[in-house]
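Before any comments, here is the structure.
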Amino acid sequence: MKIAITGKGGVGKTTFSSILSRMFAEDGYRVVAVDADPDANLASALGFTKEVYESIVPISEMKNFISDRTAAQTGTFNKMFKLNPKVDDIPDKYCKEYNGVKLLTLGSVDYGGSGCVCPEHVLLKRLCSHLILQNKDVVVMDMEAGIEHLGRGTAQGVDAFIVVVEPGERSIQTYRKVKQLGSDIGVKKVFVVGNKIRNKEDEEFISDNLENGDLLGFVYYSQDVVDSDRSNQSPYDINSNAKNQIRAIKNRLIQL
Ligand SMILES: Nc1ncnc2c1ncn2[C@@H]1O[C@H](COP(=O)(O)OP(=O)(O)OP(=O)(O)O)[C@@H](O)[C@H]1O
Ligand SMILES: [Mg+2]
């Protein structure tokens, strides 16, 4: 199963991605969690120690490595380079593993404008496509907020997008745009998780705004989740109702 977690800024993508990844790992799956947000913070949500996550070098910053693999200077645009760099050894060599979850941190790429091709992007895109199409593990991608980056195709070929929404019109708008973009890039299934729910009215607001069959479930607002962030613990390593609710969502996802 390969899924990409998307949605508006701050809705809970990283929290959800981390709990889901840890849960799959605890159930015995091999899991690769991909931090595809340039403002990377999935490592701490997964529970990696500060020492480890501060030592992580994102793939896009491995300049010499990228130059070797693509036969091109990083930071250049539209020059000649290999479009099919070797990537199959990257997940094992460059991920950090903790509690059964392998983490790959992609990092940020300087895009030189629309239509640009640069070695960093080619390598990341090919790495993701390898993970999505050839790798046997469960892949959970924690995406950057919004939709602008989806057109670059890092998540192309995933089985589904999960859009995390809050009970509010603005995150629903993002859901609609993801749905549109998904169909443009061939991702047919777009599911929704309603997060930070407080009551039945919140549930109804979200249900009323979705297309039939898109809803996976709700995660209620949880003070324990907020506290885990404040104390820099993984939301998976604390007791909260959110975990039970996400377990139900995971089971539904497997069914579908
Ligand atoms: N169910 C929940 N109940 C309470 N707080 C939550 C819940 N889910 C997430 N949060 C809190 O909301 C904040 C944002 O969460 P998170 O970082 O997961 O969002 P994000 O969508 O990944 O944000 P960004 O767009 O910046 O990547 C965090 O402080 C997190 O603890
Ligand atoms: Mg995030």
Side-chain angles (χ1 to χ4, degrees), residues 3-23 32-48 50 53 56 58 60 101 103-109 128 139-150 152 154-155 158 161-178 181 190-203 205-206 215-250 252:
I3 46 179
I5 315 299
T6 66
K8 192 178 84 67
V11 288
K13 298 177 291 299
T14 302
T15 306
F16 180 74
S17 303
S18 65
I19 295 179
L20 191 66
S21 302
R22 291 278 305 270
M23 213 164 254
V32 181
V34 179
D35 195 339
D37 187 349
D39 182 14
N41 51 25
L42 183 58
S44 62
L46 284 168
F48 283 80
K50 196 167 182 198
Y53 67 70
I56 291 176
S60 69
V101 179
L103 171 70
L104 268 177
T105 305
L106 300 187
S108 60
V109 169
C128 290
V139 175
V140 177
M141 302 181 77
D142 178 21
M143 306 300 291
E144 183 177 353
I147 51 140
E148 191 247 339
H149 59 93
L150 289 179
R152 288 183 209 129
T154 335
V158 291
F161 281 142
I162 295 181
V163 191
V164 180
V165 302
E166 294 169 334
E169 178 56 28
R170 284 182 282 275
S171 69
I172 296 285
Q173 283 171 16
T174 306
Y175 150 72
R176 294 198 188 105
K177 290 181 203 151
V178 171
L181 249 154
V190 176
F191 295 124
V192 172
V193 167
N195 191 28
K196 306 190 193 180
I197 304 295
R198 292 154 306 173
N199 50 40
K200 285 284 165 212
E201 285 75 41
D202 284 348
E203 290 192 13
F205 172 81
I206 290 174
L215 183 68
L216 283 178
F218 296 113
V219 182
Y220 268 68
Y221 182 89
S222 155
Q223 190 58 45
D224 297 319
V225 167
V226 178
D227 293 347
S228 73
D229 193 3
R230 195 177 52 205
S231 59
N232 197 18
Q233 272 184 299
S234 168
Y236 193 74
D237 289 326
I238 53 152
N239 274 324
S240 73
N241 289 334
K243 267 169 68 177
N244 298 331
Q245 291 150 0
I246 291 177
R247 181 162 291 283
I249 288 169
K250 172 181 151 285
R252 185 158 166 70

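In listed order, ligands and their atoms are each counted from 1. Numbering starts at 1 and runs along the sequence shown.
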Does some non-hydrogen atom of [X] fall short of 4.0 Å from ligand 1?
X: Gly10; answer: yes
X: Phe16; answer: no
X: Ala242; answer: no

With a 4.5 Å heavy-atom cut-off, do [X] and [Y] have their side chains touching?
X: Thr15; Y: Asn195; value: no
X: Pro235; Y: Ser18; value: yes
X: Thr6; Y: Val163; value: yes
X: His149; Y: Thr154; value: no
X: Phe48; Y: Leu103; value: yes

query = Can a salt bridge be assigned to the pair Asp202 and Lys196 using a cut-off of 4.0 Å between side-chain N and carboxylate O?
reply =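 No.
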
query = Taking 4.0 angstrom as the limit, do Glu148 and Lys177 come out as a salt bridge?
reply =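 The answer is no: the pair does not qualify as a salt bridge.
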
Heavy-atom proximity to atom 30 (C) of ligand 1, best of Thr6, Thr15, Asn41 =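 Nearest heavy atom to atom 30 (C) of ligand 1 lies in Thr15.
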
key: Donor-acceptor contact below 3.5 Å, side chain Ser60 vs main chain Ser108   =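 Yes, Ser60 side chain to Ser108 backbone: donor-acceptor pair under 3.5 Å.
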
Nearest neighbour in protein (non-hydrogen) for [atom]:
atom: atom 19 (O) of ligand 1; answer: Gly12 N, 3.1 Å
atom: atom 6 (C) of ligand 1; answer: Val225 CG1, 3.7 Å
atom: atom 1 (N) of ligand 1; answer: Asn195 OD1, 2.8 Å
atom: atom 20 (P) of ligand 1; answer: Lys13 N, 3.5 Å
atom: atom 28 (C) of ligand 1; answer: Asp229 OD2, 3.3 Å
atom: atom 13 (C) of ligand 1; answer: Lys196 NZ, 4.0 Å

Under 4.0 Å from any heavy atom of [X], which atoms of ligand 1 are there?
X: Val226; answer: 4 (C), 5 (N)
X: Ala145; answer: 25 (O)
X: Asp37; answer: 27 (O)

message = To the nearest 0.5 Å, what is the distance between CD1 on Ile5 and OG1 on Thr14?
response =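 So the CD1 of Ile5 and the OG1 of Thr14 are separated by 10.0 Å.
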
query = Within the structure, does Ser222 bring an N/O atom to less than 3.5 angstrom of an N/O atom in ligand 1?
reply =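 Yes; the residue has a nitrogen or oxygen that sits under 3.5 Å from a nitrogen or oxygen of the ligand.
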
ask   = Considering distance alone, does some N or O of Gly9 sit under 3.5 Å from an N or O of ligand 1?
value =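 N/O-N/O distance under 3.5 Å: no.
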
ask   = Got a sec: is Thr14 within less than 2.8 Å of the Mg ion (ligand 2) via an N/O/S atom?
value =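 True for Thr14.
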
Any donor-acceptor N or O pair under 3.5 Å, side chains Tyr221, Glu166 =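 Side chains of Tyr221 and Glu166: no pair found under 3.5 Å.
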
Donor on one side chain, acceptor on other, Asn232 and Tyr53, under 3.5 Å =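 Present: a donor and an acceptor within the cut-off.
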
message = Just to be sure I read this right, does ligand 1 sit under 4.0 Å from the backbone of Thr14, its side chain, both, or neither, counting only heavy atoms?
response =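 For Thr14, the contact with ligand 1 is made by both the backbone and the side chain.
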
